[in-house]
Amino acid sequence: MSELVPEPRPKPAVPMKPMSINSNLLGYIGIDTIIEQMRKKTMKTGFDFNIMVVGQSGLGKSTLVNTLFKSQVSRKASSWNREEKIPKTVEIKAIGHVIEEGGVKMKLTVIDTPGFGDQINNENCWEPIEKYINEQYEKFLKEEVNIARKKRIPDTRVHCCLYFISPTGHSLRPLDLEFMKHLSKVVNIIPVIAKADTMTLEEKSEFKQRVRKELEVNGIEFYPQKEFDEDLEDKTENDKIRQESMPFAVVGSDKEYQVNGKRVLGRKTPWGIIEVENLNHCEFALLRDFVIRTHLQDLKEVTHNIHYETYRAKRLNDNGGLPPGEGLLGTVLPPVPATPCPTAE
Amino acid sequence: MAIGASEPSGSLAPWPCRAPAHGCPLGPGTAQAKRRRAGVSLGQKAGEGCRTVPLAGHVGFDSLPDQLVNKSVSQGFCFNILCVGETGLGKSTLMDTLFNTKFEGEPATHTQPGVQLRSNTYDLQESNVGLKLTIVSTVGFGDQINKEDSYKPIVEFIDAQFEAYLQEELKIRRVLHTYHDSRIHVCLYFIAPTGHSLKSLDLVTMKKLDSKVNIIPIIAKADAISKSELTKFKIKITSELVSNGVQIYQFPTDDESVAEINGTMNAHLPFAVIGSTEELKIGNKMMRARQYPWGTVQVENEAHCDFVKLREMLIRVNMEDLREQTHTRHYELYRRCKLEEMGFKDTDPDSKPFSLQETYEAKRNEFLGELQKKEEEMRQMFVQRVKEKEAELKEAEKELHEKFDRLKKLHQDEKKKLEDKKKSLDDEVNAFKQRKTAAELLQSQGSQAGGSQTLKRDKEKKNLGFL
């Protein structure tokens, strides 16, 4: 029992030791209806999801995103006609769509980065991307810091970045390593091996192992990051994904073919039809389940709770020169000293 | 700043959707809820230009609400109730009845010198949902002779919770997602069952609290009022609240699944409740009730009292909404007022947007500038004093110099005079010496030449010399 004395001011109630009561024994109260209430509320407000695709041109980024979300959300680069210039620097193109499924509304934004890795000299080509990501954090921070805040701040922060690795079969390119090293600190990176239908099963598993090893050697923490595993359950689940499945070797396609009487998405080649959603053929289904069906909310939360907070802390630290850990309010405006500075009186 | 802004080559796809998330109306809620199959294509263009894209198959993000809910469940929920009411109105009993448990606590006495708040936290578990429930009760409310300041401890307590949250939010390294939220989500205001009208203490307190917390007024110990009196009492209370501009919490009616029930409940406010933890056998069931010589009042019988309605509304239907209103309305208002009070503004007179950081910097510089100014002033004064003293000393010095000069001059004059005199005397002496030698010479010549002429001449010369 914590008594709060009214003078001078009641301190905020610090709960001493909460008593634990198992109300299953006491008759139904109805606390678990809060789940329903919450679900209804979230369905009404809808979700935002921003996904960025990075990789050299021709790796099938737009096709993969279209396959992931089963709709034409990304404009394909192959529709360029030859007269269009290849961009001289990395551009950032963000296109938003609203998709709805089962009563759940999602505002999906696909951020494309044409021009990445396409020049002869690719030095610092990750900089525009890093700048864009930080700009989104900045925007959110500005909104959050306003006096009169919006009821729901529009979330344009990049929740997930799919990095496309070219299926050379050898190892990661220096550009890949540099990019991932720089960006794994600001955004969740999911490395993906593109156009995996060019590798046989053995080549695939060898390549994946090599890539994993290289990423580990270079200290690149891709999503799901080890340090953010909250409990044992998460850890075992994520460990399994990290050590066995990632990076996902995917094939994308938006054309349907008839296989065994069913219509499936696939790629038709002279030697057979590669089924996109067949786990024996490629790992697209794993990627889709991972990103959308199980870890979508977690992606958003890691972005909000960790990457954004890191950015915010750094930003406030740099600007105000405030010592870390101290509140903004604590150092604002101490009262002007009543006694003047001692001088020879 | 336009998202999609790129470097030199300006070909960018316009960002179609810049409005906040609510702004993509896709048709009335009922239409959406009814069409619950995958791949719904609504084919309408939303107002702001966000294209709705049809899905060609099952993608799977309809599990999103489940993902979100699972995360929240594992973190647990918290809910904070504040019970305000006079001593002896049955606040603790009602809490016990609502949550089916005997919370700790002894009944308070009537001799409290001032209003205090007692707070307790409990961990409740139901199926897989964990709830951290905090119940805050007023102790000694309405017992004093002078009740003018009775509302103050309550308002201060609520503000203190907001303040704690605001502090956490403004920290540089903050952990908001694991922060134990202690803000009061709902205030149950217990009205004494007089049957006439609200007491002025009630009105004053509720008026002070309505902008800080969601208030649900309830008539306590409702078994003291008969049915007809109750209806009249409720009408009187609602009209008094309206005429005094007290804003009590209205159950939300925008979501069609709960709009109906919330609407009817709104009409039943304030709820007339009875609390009891005793169980009695009625018929063949054990029920919570109060036994009187003239009959038994059943707590969960809707014809007897509104307890079931209160429980429905408070816990089973609107708990999440209460939490949301506290965060988005009351807390935001508090935050805005507090920051404005500290001098932060969103825009300055030239209507250029300020950021909190810039304002803070500006204030800090201002403060430092003031400090410096004060320092300067001190220094100026000091310098002035020193100057004055210096001037004085200089004056004195000057005088002394003058004196010295004068004396020196005098001295010099004297010296000169003396020297002149000496000189003239010397001249005389010299002249005399010359004449002497001349005379001697003549004499010697005269003695050689032997003439009295020379002697005469000498005598004349001598005479002349002496003239």
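Any value given below was found using the heavy atoms of this structure, including those in side chains, with hydrogens, waters and symmetry copies removed. So that the names make sense, note that chain A is the first sequence line, chain B the second, and so on, each numbered from 1.
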Residue, of Glu332(B), Arg311(B), Arg174(B), that accumulates the most heavy atom pairs under 4.5 Å with chain A: Arg174(B)

Between Val129(B), Val386(B), Asp321(B), the one whose heavy-atom pairs under 4.5 Å with chain A are most numerous: Val129(B)

Top contributor to chain A interface from Leu133(B), Asn70(B), Val73(B), Asp66(B) [non-hydrogen pairs under 4.5 Å]: Asp66(B)

Heavy-atom pairs under 4.5 Å with chain B, option from Leu108(A), Asp155(A), Val104(A) with the top count: Val104(A)

Residue pair Met43(A) / Leu64(B), side-chain heavy-atom distance below 4.5 Å: no

Contact origin within Asn318(B) toward chain A - heavy atom pairs under 4.5 Å: backbone

Spacing of Asp62(B) atom CG and Lys105(A) atom NZ [to the nearest 0.5 Å]: 15.5 Å

Expected output: side-chain Thr42(A) to main-chain Pro65(B) donor-acceptor under 3.5 Å: no

Side chain proximity check, Lys40(A) to Glu320(B), heavy atoms < 4.5 angstrom: no

Heavy-atom contact with chain B under 4.5 Å, split by part of Phe69(A): both

Closest-packed option against chain A by number of heavy-atom pairs under 4.5 Å, given Leu131(B), Asn80(B), Leu333(B): Leu131(B)

Heavy-atom proximity to chain B below 4.5 Å, by part of Thr310(A): neither

Residue Arg288(A) versus chain B: region with a heavy atom under 4.5 Å: side chain

Chain B contact via His295(A) - side chain, backbone, both or neither, heavy atoms under 4.5 Å: backbone

Among the listed options His327(B), Arg336(B), Arg323(B), the residue most often paired with chain A at heavy-atom distances under 4.5 Å: Arg336(B)

Between CG on residue Leu296(A) and CG on residue Leu68(B), distance to nearest 0.5 Å: 10.5 Å

Toward chain B, the part of Glu301(A) with a non-hydrogen atom under 4.5 Å: side chain

Ion pair Lys44(A)/Glu324(B), N-O distance below 4.0 Å: no

Partner chain B: residue of Arg39(A), Glu36(A), Arg312(A), Lys41(A) with the largest heavy-atom pair count (under 4.5 Å): Arg312(A)

Per-residue contact mode, Val317(B) against chain A (heavy atom under 4.5 angstrom): backbone

Separation between CE of Met319(B) and CD1 of Ile34(A), rounded to the nearest 0.5 Å: 3.5 Å

Chain A contact via Leu98(B) - which portion, at a heavy-atom distance below 4.5 Å: backbone

Contacting moiety of Arg329(B), where chain A heavy atoms sit under 4.5 Å: neither

Approximate separation, where rounding is to 0.5 Å, of Glu312(B) CD and Thr33(A) OG1: 8.5 Å

Engaged part of Leu68(A) at the chain B interface, taking heavy atoms whose separation is under 4.5 Å: backbone

Chain B contact via Asp298(A) - side chain, backbone, both or neither, heavy atoms under 4.5 Å: both

Check: Gln67(B) main-chain N/O paired with Gln297(A) side-chain donor or acceptor under 3.5 Å: no

